[in-house]
Amino acid sequence: MMFLSFDLPLFPLILTLIVLLLFIPYKMFSSASKTHKNQPPSPRKLPIIGNLHQLGSNPHRSLQALTQAQGPLVLIQLGSVPVLVASTAEAAREILKTHDVIFANRPKLSIPDTLTYGSKNIAFSPYGEYWRQVRSIAVLALLSSRRVQSFKRVREEETRLLIDKIGENCGSLVDLGDLLNSLTNNIVCRVALGRTYHGMKFNDLLARFAYLLGAFSVGNYIGWLSWVDRLSGLEARTKKVAEEFDEFLEVVLEEHINKKRTVEEGDIAGENYESQDYVDILLDAQRENTTNFTLDRDVIKATIIDVFAAGTDTTFAAIEWAISELIRHPKVMKKLQKEVTEIAQGKSMITEEDLEKMHYLHAVLKETLRLHTPLPLLISRKSTEYVKLMGYDIPAGTQVIINAWAIGRDPSLWEDAEQFKPERFLNSSIDYKGMHFEFLPFGAGRRGCPGIQFAIAINELVLANLVYKYDLALPDDVRGEELDMSEYTGLTLHRKFPLLVVPNPHF
């Protein structure tokens, strides 16, 4: 789900370089320090910072360039931390399947640790029994097929609200990305928290939270320069967002506890499983003490945070990239509109029952996820023991990055790899569920994303209805192929510039 963003603020970066130049004697990393003889190839590196300077603001692209010259496995040095980069399907298979257990752990990163109550959430907690149990709770309460299906009404209602809001602005300029962000936040809030939470303050908090999860902390890689994070204000901003989110979650928990108390005191029949939201189920598990660990408030809040971190940002980004590509490829748009229109048969809205027949819609989404992998470098892993990997010696404690974005654009795997061609997925068995290592938008193995069904259900329904109801044009008579597709990489791969469109009724 995440690596990190190297978009360092200019002041701390300059300050760090000055410190290095003035006070650190020139000393190249010695090859004598290698624990094992047969290590993967490595690009040349600088003293102290290693290869940090080569990564830039879009590390998935920088790492692709580095590894193309070196091979499927490349060992880079980020400060004092050795990092193994895998950029081919074969390497990903070895890490995520053959040696999955060895690479199932997470490195300890200061910012996620602060934001998730000491890494008590699913995404960043260490591999082990605790992780297995909190993941199991989330899957049963929110992400199983039955639970995802039970949220059908919520998805359809919020999609209708989105369509109606766009309809009120037909012929006018709208920020589609902003509307999609609100849609996914509303769906997640309703199924996880029981109701929506509107307002600029809440949206701003979520935006700052997502940004910080992808921010680069100097101290994680050059420990004695951790003061740079304090001087730049990064540490203070992280603590402030953590405190604000904690205050919000405390309000949510108290609302649910009071609601439960009111039901019990009123001698009203309790809610059934299907009508309960995620917080209700977590609180029930806490009261019934059904886990082998203490399900305290911090654990509950950390698992709620997982839903927002993984369920909103990546989901709306995928729909936004899909619409962007359809605008740039009008023939693909027309083909998709033809399919959804024929299957809808004049209905006011497309329902989820219609989606199963929309094979070209599925292909469009798959092709979008291939070209614009939501988490281009997935979430970093860390080896727990020495392993022989594709003939190379990999010591315990090595961080691992899988460049899923680069694998999705590998010309040896994909014909016309840089082109948007949904047809490649028609009559193809390749799927995004973690069994095909040339296509890993949700990762694979034990630490693969458990929310695939949850995300895809939203993506398909929203995209189908958008193209069914509206033609989307760029403002000022800009042609579709001229749409700027620049990226911004943080926690998630986003468009760098807002997706501003002028909607008009399709029929």
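We count residues from 1, following the sequence as given.
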Calculate, to the nearest 0.5 Å, the distance between atoms OG and CZ belonging to S380 and F103 respectively.
13.0 Å
Result of checking L78, L66, I76, L63 against Q54 for side chain to side chain contact (heavy atoms under 4.5 Å, CB included):
L66
Identify which one of V188, V191, T312 satisfies the side chain to side chain contact (heavy atoms under 4.5 Å, CB included) criterion when paired with V307.
V188
Within the side chain of H60, is there an N or O that forms a donor-acceptor pair under 3.5 Å with the backbone of L377?
no
Charged N to carboxylate O below 4.0 Å: is that the case for E94 and K388?
no
Check whether any side-chain N or O of T184 sits under 3.5 Å from a backbone N or O of G311 as a donor-acceptor pair, and report yes or no.
no
F248 vs Y197 aromatic rings, parallel, tilted or perpendicular, using cut-offs 30° and 60°?
perpendicular
Establish, for the pair R132 and Y127, whether the NZ or CZ atom is under 6.0 angstrom from the six-membered ring centre and no further than 45 degrees off its axis.
yes
Answer with yes or no whether the side chains of S110 and S217 bring together a donor and an acceptor at under 3.5 Å.
yes
State the CZ-CZ distance between R409 and R370, to the nearest 0.5 angstrom.
7.0 Å
Distance-only, no hydrogens or angles: does the D229 side chain make a donor-acceptor pair with backbone N or O of V218 under 3.5 Å?
yes
Are any side-chain N or O atoms of N105 and backbone N or O atoms of P126, one a donor and one an acceptor, separated by less than 3.5 Å?
no
State yes or no: are the ring centers of F425 and F439 separated by less than 6.0 Å?
yes
Say whether, by atom type as modelled, one donor and one acceptor occur between the side chain of Y130 and the main chain of K120 under 3.5 angstrom.
yes
Check E367 with R424, please: is the shortest side-chain N to carboxylate O separation under 4.0 Å?
yes
Hey, could you give me the CG/CG distance between D313 and L213, rounded to the nearest 0.5 Å?
9.0 Å
Looking only at non-hydrogen atoms, find the nearest pair between A318 and T368 and report the distance.
O-CG2, 3.6 Å
Side chain N121, main chain T116, donor-acceptor under 3.5 Å:
no
Test side chain to side chain donor-acceptor pair (under 3.5 Å) applied to N186 and T196, step by step:
CA-CA 5 Å; N186 288 345; T196 57; 5.0 Å; no
Nearest heavy-atom neighbours spanning G480 and L474:
CA-CD1, 4.0 Å
Does R479 have more than 12 heavy atoms from other residues, nucleotides or ligands lying within 6.0 Å of its CZ?
no
Start with the C-alpha gap between L483 and S324, add the side-chain angles, then the distance that decides, and say whether side-chain contact (heavy atoms from CB on, under 4.5 Å) holds.
CA-CA 8 Å; L483 178 63; S324 300; 3.9 Å; yes
Give the minimum heavy-atom separation between W414 and E438, together with the two atoms involved.
CZ2-O, 3.2 Å
salt_bridge(K240, E243) N-O dist < 4.0 Å:
no
Check: V85 main-chain N/O paired with N403 side-chain donor or acceptor under 3.5 Å
no
Nearest heavy-atom pair of I222 and G79: which atoms, and what distance?
CG1-CA, 3.7 Å
Validation row: M485, H372 side chains within 4.5 angstrom (heavy atoms)
yes
Using a strict cut-off of less than 4.0 Å between a Lys/Arg side-chain nitrogen and an Asp/Glu carboxylate oxygen, indicate whether E244 and K201 qualify as a salt bridge.
no
Charged N to carboxylate O below 4.0 Å: is that the case for E250 and K301?
yes
Ignoring hydrogens and geometry, is there a side-chain-to-backbone donor-acceptor pair from S42 to L75 under 3.5 Å?
yes
Salt bridge or not for R328 and E325, using N-O below 4.0 Å?
yes
Minimum heavy-atom separation for L55 and S62, please, with both atom names.
O-OG, 2.6 Å
Measure the shortest side-chain to side-chain distance between I456 and F442 over non-hydrogen atoms and say whether it is less than 4.5 angstrom.
yes
Between F209 and F245 (judged by ring centroids, cut-off 6.0 Å), do the two rings come close enough to count as a pair?
yes
Would you say that D277 contacts L193 through its side chain, given a criterion of any heavy-atom pair below 4.5 Å between the two side chains?
no
Ionic contact status for D100 with R381, cut-off 4.0 Å:
yes
Under a 3.5 Å distance rule, please check whether W321 uses its side chain to pair with a backbone N or O of L493 as donor and acceptor.
yes
Taking everything shown except E418 itself, do over 12 heavy atoms lie less than 6.0 Å from its CD?
yes
Are the side chain of R147 and the backbone N or O of A141 linked by a donor-acceptor pair below 3.5 Å?
yes
Should D484 and K496 count as an ion pair when the cut-off is N to O under 4.0 Å?
no
Can a donor-acceptor pair be found between the side chains of D296 and T294 at a distance below 3.5 Å?
no
Below 4.5 Å, heavy atoms only, C-beta onward: do L84 and I394 meet side chain to side chain?
yes
Taking atom CZ of F454 and atom CG of N459, what is their separation to the nearest 0.5 Å?
10.5 Å
R230: what forms a side-chain hydrogen bond (donor to acceptor under 3.5 Å, both in side chains) with it, not counting sequence neighbours?
none
NZ (K433) with more than 12 external heavy atoms under 6.0 Å:
no
Centre-to-centre under 6.0 Å for F316 and H494, is that the case here?
yes
